[in-house]
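Contents: one structure, followed by commentary.
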Amino acid sequence: MKYKKRTHTCGELNINHIDQIVTLNGWVDSRRDLGGIIFIYIRDRYGKTQVVFNPQENKSLHDLASTLRSEFVISVTGIVKRRPAGQENREIATGEIELIASELTIINKADTPPFPIEDEIDISEETRLRYRYLDLRRATLQSNLLTRHRLYQITRKYFDENNFVEIETPILMKSTPEGARDYLVPSRVHPGKFYALPQSPQTYKQILMVAGFDRYFQIAKCFRDEDLRADRQPEFTQIDVEMSFVDEQDIFKIVEGLIVRMFMEIKGIQLQTPFKILTYKDAIEKYGSDKPDLRFDLSIKKLNELLTGVEFKVFSDVIKKGGVVSGLVAPNCANYSRSQIDNITEFVKKLGAAGLVWIKYTDKGIDSPISKFVSREILESIVNRMDARFGDLILIVADDYLKAHNILGALRIEIANRQNLIDANRYELLWVVDFPLLEYSPEESRYIAVHHPFTSPKLEDLELLDTKPEKVRARAYDLVLNGNEIAGGSIRIFNRELQNKMFSLLGISESEAQKKFGFLLDAFKYGAPPHGGIAFGFDRIVMLLTGQKSIRDVIAFPKTTSAMSLMDDSPSEVDEAQLRELHIKIEK
RNA sequence: GGGGUCGUAGUUCAACUGGUUAGAGCGCCGCCCUGUCACGGCGGAAGUUGCGAGUUCGAGUCUCGUCGGCCCCGCCA
């Protein structure tokens, strides 16, 4: 197919190009055939331009133009003219001019697309994903991916300026225990053996520190075979960072520098540094989450001290068992109807709450179903403790420590959404620090690492390792933006003895540790520098900076909730011969 | 693994308690229309109601199963 190549893009012509003869290549965005004169918009990544076909000027050209349909790929040559007075389109950059066509080539026809290539279309995500190449033509997705591109560039430039070395690590690696479920890749040459796709380049980047690279970063694809969410895909992108001879403050400084630059260049927003810091304990107890959204207040308050002696069994039993009774204030919700309260009770029950106690506080007094069991004085002390005001609704949950706070944390967000307390234009960043190092897993009857097994305990908690392991705090930190975890990392263990001790606490025997992580332990024998690092959830950052609700909208070819790719229909079955080569038999 | 919600024309939706030939907007096709930009006017085609069973005289509607989309819990070092 011969066609004239473009001299300009569809987004750049304006009154400065008047009377020039130009050629545009692109897609037919829309057509308006008035019987005589035909207008079309021709569209490419850069914009769209109105093209005019006038039958009086060129009959055969006009006849050809009348066969144009949506999404045909064309080449149009013509002269740029100022639009007649009053005919300008102020909505688009090229709206003051139009192209009077003199030549037209239909480069490629197109079937009618299953949905129009327009913004703000109301189309099921299923259809959009099946025809992803059409969805990606829409301006929103184009702009999202362009922002993503700019963030790659900002990242590379920033780390390069700060003496970091970009190093690629293997995609085919050793499967290691702990952490997420691995994606496995069978080995053809080694029957019965498997590679794993990296959940993150964790061990490699630590070894790069042993190798002396001092400052490493990588924009790395990571893979985790776990269930999906709006902000979780089985394959996703991390900005992976590791540094030698550093402590937490060094990491924070580098990270904050990058985030500040991203916000300035993408949003034009100057963030204040240093970012807020909240301990894990405070985050849980005040906000019911280790990734609190600080765009609104609604803090959780503990009521145990006020309720120790009360008759009300729901409270007293929980307190006796060492649990917590805590509550939060739903502002201006005292007018909630019975069914609205039933509704939020249902909400917390779905999260596993036994129930929800409410207190309405108005100028008429205190109204609560527990007034039968709890004295007026205690109810008043609760209202005081909660700092409730007339018109507020107090919601109280009683359960064990983590469950009660988790439920209140979810309720906090629910109330904020219902009461419209979240300012979408606000960005609240904070560090969450002092995570526990270990947590006990009843299913596995052993401790498991909260972050990962290479995370250093806090030095001042070292002696607790033998006595109260669950009390040991980790040198781990998460960066949180508007209730999303956007980065997480730690200062690592670089001492072989401490690493071995960690493995033994995790119930990993010496021989198992040697088998699974021997290469790392061996590397540590040869002079490992103190080091630490962090990894950013790149997709989530792009999502938040583009104002999208799902990372699917910032990933070119994402998977559905059931980890399928609807466009290319993967995963799919493979030939028997392929399986044979890989020494794999499928159980049916 | 669990909870919720949805699945009807290309698409977005409608169809009262089960009841005539499953409708509408947009899109598509045809005709008319020379300054539109959500062009307009007239006409038309378009359906395995996701799939499979069952209940019933009769199922888009009820029941069971199954497949798929989305949200959440678990899970995600």
Side-chain angles (χ1 to χ4, degrees), chain A residues 29-41 48-57 62 66 69-70 81 83-92 94-95 98 100 111-118 120-131 134 176-182 198-200 202-203 222-234 236 346-353 403 406-407 410 413-414 435 437-439 441 443 447-455 474 476 485 488-490 502 506 508 517 535 537 549-550 552 559-562 564 566 569:
Chain A
D29 188 69
S30 62
R31 68 186 174 105
R32 291 172 296 281
D33 184 343
L34 272 59
I37 199 163
I38 296 173
F39 297 99
I40 65 155
Y41 274 128
K48 53 186 186 179
T49 304
Q50 177 161 277
V51 182
V52 185
F53 296 93
N54 192 322
Q56 285 177 339
E57 291 180 17
H62 178 268
S66 70
R69 294 294 181 272
S70 291
K81 288 289 184 193
R83 289 195 189 188
Q87 300 290 329
E88 300 87 356
N89 185 342
R90 306 281 171 205
E91 305 286 309
I92 59 175
T94 62
E98 59 194 7
I100 310 299
D111 285 357
T112 303
F115 52 85
I117 312 303
E118 289 164 10
E120 290 163 40
I121 52 169
D122 184 16
I123 291 288
S124 75
E125 193 154 0
E126 194 171 353
T127 306
R128 290 176 46 201
L129 288 172
R130 187 154 279 128
Y131 299 95
L134 298 179
T176 54
E178 307 288 304
R181 196 176 292 113
D182 278 328
Q199 297 172 28
S200 87
Q202 185 61 35
T203 49
C222 302
F223 306 85
R224 294 178 190 174
D225 188 1
E226 299 291 349
D227 289 340
L228 290 82
R229 289 284 192 286
D231 63 349
R232 274 165 36 190
Q233 284 273 305
F236 61 102
E346 193 56 34
F347 175 83
V348 296
K349 280 188 170 169
K350 279 178 185 163
L351 297 171
K403 202 167 163 191
N406 278 340
I407 290 163
I413 293 167
E414 177 69 12
F435 282 84
L437 183 71
L438 303 161
E439 70 183 328
S441 163
E443 298 87 43
Y447 284 102
I448 53 175
V450 169
H451 188 54
H452 60 51
F454 317 110
T455 297
E485 180 195 332
S490 61
M502 188 70 184
L506 294 172
I508 301 171
F517 298 111
K549 291 209 165 61
S550 163
R552 289 187 301 276
K559 303 209 170 22
T560 67
T561 314
S562 64
M564 294 211 302
L566 296 179
D569 191 32

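By convention in this document, chain letters (A, B, ...) are assigned in the order of the sequence lines, proteins followed by strands, and residues within each chain are numbered from 1. Since this is a predicted model, take the numbers as computed values, not measurements.
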Taking the [atom1] atom of each, how far is [N] from [M], in whole Å?
N	M	atom1	answer
B/C29	B/U66	P	42 Å
B/C16	B/C6	P	15 Å
B/C42	B/C37	C1'	23 Å
B/G41	B/G35	P	16 Å
B/A24	B/C71	P	34 Å
B/C57	B/G52	C1'	23 Å
B/G47	B/U56	C1'	24 Å
B/U20	B/G30	P	35 Å

Interatomic distance where [atom1] belongs to [X] and [atom2] belongs to [N] [whole Å]:
X	N	atom1	atom2	value
A/I37	B/U36	CD1	P	10 Å
A/L34	B/G41	CG	C1'	12 Å
A/F53	B/U36	CZ	P	18 Å
A/D122	B/G27	CG	C1'	14 Å
A/N54	B/U34	CG	P	11 Å
A/Y41	B/G35	OH	P	16 Å
A/K48	B/A38	NZ	P	8 Å
A/I100	B/U34	CD1	C1'	13 Å

Q) Are A/R32 and B/C39 close enough that a side-chain N or O sits under 4.0 Å from OP1 or OP2? A) yes

(Q) Any side-chain N or O of A/Q87 below 4.0 angstrom from OP1/OP2 of B/U36? (A)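 For A/Q87, the contact criterion (side-chain N or O under 4.0 Å from OP1 or OP2 of B/U36) is met.
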
**Q.** Contact state string [nucleotides 65-75 of chain B, B base, S sugar-phosphate only, - no protein heavy atom under 4.0 Å]
**A.** ---SSSSSBBB

Identify each donor-acceptor pair in which a side-chain atom of residues 85-92 of chain A lies under 3.5 Å from a protein atom, sequence neighbours left out, and give them as a table.
from	atom 1	to	atom 2	distance (Å)
A/E88	OE1	A/G86	N	3.1
A/N89	OD1	A/E91	N	2.8
A/N89	ND2	A/Y41	OH	2.9

Q: Check side-chain hydrogen bond (donor to acceptor under 3.5 Å, both in side chains) between A/Q199 and all other residues, then give those that pass, not counting sequence neighbours.
A: A/D182

Q. Checking A/E98 side chain against A/V52 main chain: does a donor-acceptor pair fall under 3.5 Å?
A.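 Checked: no pair found.
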
Q. Ignoring hydrogens and geometry, is there a side-chain-to-backbone donor-acceptor pair from A/Q233 to A/K559 under 3.5 Å?
A. yes

Q: Name the closest nucleotide to the A/R69 side chain, picking from B/C76, B/G30, B/U12.
A: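 Selected nucleotide (nearest to the side chain): B/G30.
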
Q) Taking the side chain of A/Q50 as heavy atoms from C-beta outward, which of B/U12, B/C37, B/C28 is closest to it? A) B/C37

Q.
Take a 6.0 Å sphere around CZ of A/F347 and say whether it holds more than 12 heavy atoms from other residues, nucleotides or ligands.
A. yes

Q | B/C29 - base-pair partner by Watson-Crick or wobble geometry, distances under 3.5 Å | A | B/G43

Q.
Determine whether a donor-acceptor pair (one donor, one acceptor, N or O, separation below 3.5 Å) exists between the side chain of A/E98 and the base of B/G35.
A. yes

Q) If each of A/T127 and A/R83 is mapped to the nucleotide of RNA chain B with the nearest heavy atom, which maps nearer the 5' terminus, i.e. the 5' end? A) A/T127

